[in-house]
Amino acid sequence: MDKRNLPIAFFDSGVGGISVLREALALMPRENYVYFGDSANAPYGTKTVEEIRALTLGHAERFYRQGIKALVIACNTATSAAIQALRSIYTDIPVIGIEPALKPAALMAEHPTVIVMATPLTVSAAKFHELLGHYSDKADVIPLGCPGLMEFVEMGCLDTPQVENYLKELLGPYLSRYSADAIVLGCTHYPFVKPLIRKIAGDQVRIFDGGAGTARELMRRLTQEDLLTDRSSQGTVAFYESVPGKIDLCRALLKV
Ligand code: DGL
């Protein structure tokens, strides 16, 4: 089989990776995609690096055995914990990860103040501290771990009073203490509650996420390795079941 017509695999700890998949679909609609969110084991963001790495490697291996031409870890948390290991194992396919979109936020103005919302694991990981090191002279960066936020999205609660209260309590004090110029959504679940974050933060704060940049990087790698499909019709998206009911939520989120 022509490798170019194999699917591209997307992995997340749950339904959050759909926020990255929708960007890839918009950019490369003729590709076939397979998506698996490990909702049965979510959240990843409060687990240890070792636990997350073991789960991620297990799911990646299943994808690889079925035949894929690229693997996208559409999860900042799993990327922090496992991207190096994945790249050393799967050397014959592009392995793309995602990290908080700090670069565009830090460079948007002269020394802006940037709040980075992410899982507790992501903001404590060595990979994030390395990223902070690159931009510490260009911006004031305030990491904000958000335990519990992904769970709302996993339940399909994108616009309920409960998630609004959660966000007000969490973000409110940070917004009043620091006059933030930007917020980075450093977890792939969070773009689904962006309208509420926008409502709480106000129109003057810019909001960044890494979905579009990750999709562009995927396309760049596929192009570079001559792996773009030659199909001329629309591709397909297949979802693998993690826990009952999640596929319906994934399909609904793809249209958000
Ligand atoms: N969607 C994941 C991320 O981008 C993490 C959510 C979780 O499992 O805690 O970080």
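Whatever order the structure lists them in is the order used to number ligands and atoms, beginning at 1.
- Counting only heavy atoms of the protein, atom 2 (C) of ligand 1 lies nearest to Cys75 SG, 3.2 Å.
- A distance-only check finds no donor-acceptor pair linking the side chain of His189 to the backbone of Gly17 [under 3.5 Å].
- Side chain to side chain, Ser242 and Asp38 fail the donor-acceptor criterion of an N or O pair below 3.5 Å.
- Of the protein's non-hydrogen atoms, Ser13 OG, 3.4 Å is the one closest to atom 6 (C) of ligand 1.
- Close approach of ligand 1 to Thr119 (heavy-atom distance below 4.0 Å) involves ligand atoms 5 (C), 6 (C), 9 (O), 10 (O).
- A donor-acceptor pair under 3.5 Å is formed between the side chain of Arg53 and the backbone N or O of Ala81.
- Which parts of ligand 1 touch Asp12 is read off a 4.0 Å heavy-atom cut-off, strictly below it: atoms 1 (N), 2 (C).
- When only modelled atom types and interatomic distance are considered, Tyr166 and Glu151 share no side-chain donor-acceptor pair under 3.5 Å.
- By the criterion of a heavy-atom distance under 4.0 Å, neither the backbone nor the side chain of Ala42 is placed next to ligand 1.
- With ligand atoms numbered from 1 in the order given, ligand 1 contributes 7 (C), 8 (O), 9 (O) to contacts under 4.0 Å with heavy atoms of Gly45.
- Among the candidates Val205, Leu185, Val163, the single residue satisfying the side-chain contact (heavy atoms from CB on, under 4.5 Å) test with Ile197 is Leu185.
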Sequence neighbours excluded and cut-off under 3.5 Å, please list the side-chain donor-acceptor pairs for residues 244-256, or say none.
{"from": "Lys246", "atom 1": "NZ", "to": "Glu154", "atom 2": "O", "distance (Å)": "2.6"}
{"from": "Lys246", "atom 1": "NZ", "to": "Glu154", "atom 2": "OE1", "distance (Å)": "3.2"}

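- In this structure, a donor-acceptor pair under 3.5 Å is present between the side chains of Glu61 and Tyr90.
- Protein heavy atom closest to atom 10 (O) of ligand 1, with residue, atom name and distance, is Thr77 OG1, 2.6 Å.
- For ligand 1, the atoms closer than 4.0 angstrom to any heavy atom of Cys187 are 1 (N), 2 (C), 3 (C), 4 (O), 5 (C), 6 (C), 10 (O).
- When each atom of ligand 1 is checked for a heavy atom of Tyr44 under 4.0 Å away, the hits are 7 (C), 8 (O), 9 (O).
- The neighbour count for Arg65 CZ, taken as heavy atoms of other residues, nucleotides or ligands under 6.0 Å away, does not exceed 12.
- Near Asn76, with a cut-off below 4.0 Å to any heavy atom, the atoms of ligand 1 are 3 (C), 4 (O), 10 (O).
- Atom 1 (N) of ligand 1 has its closest protein heavy atom at His189 ND1, 2.8 Å.
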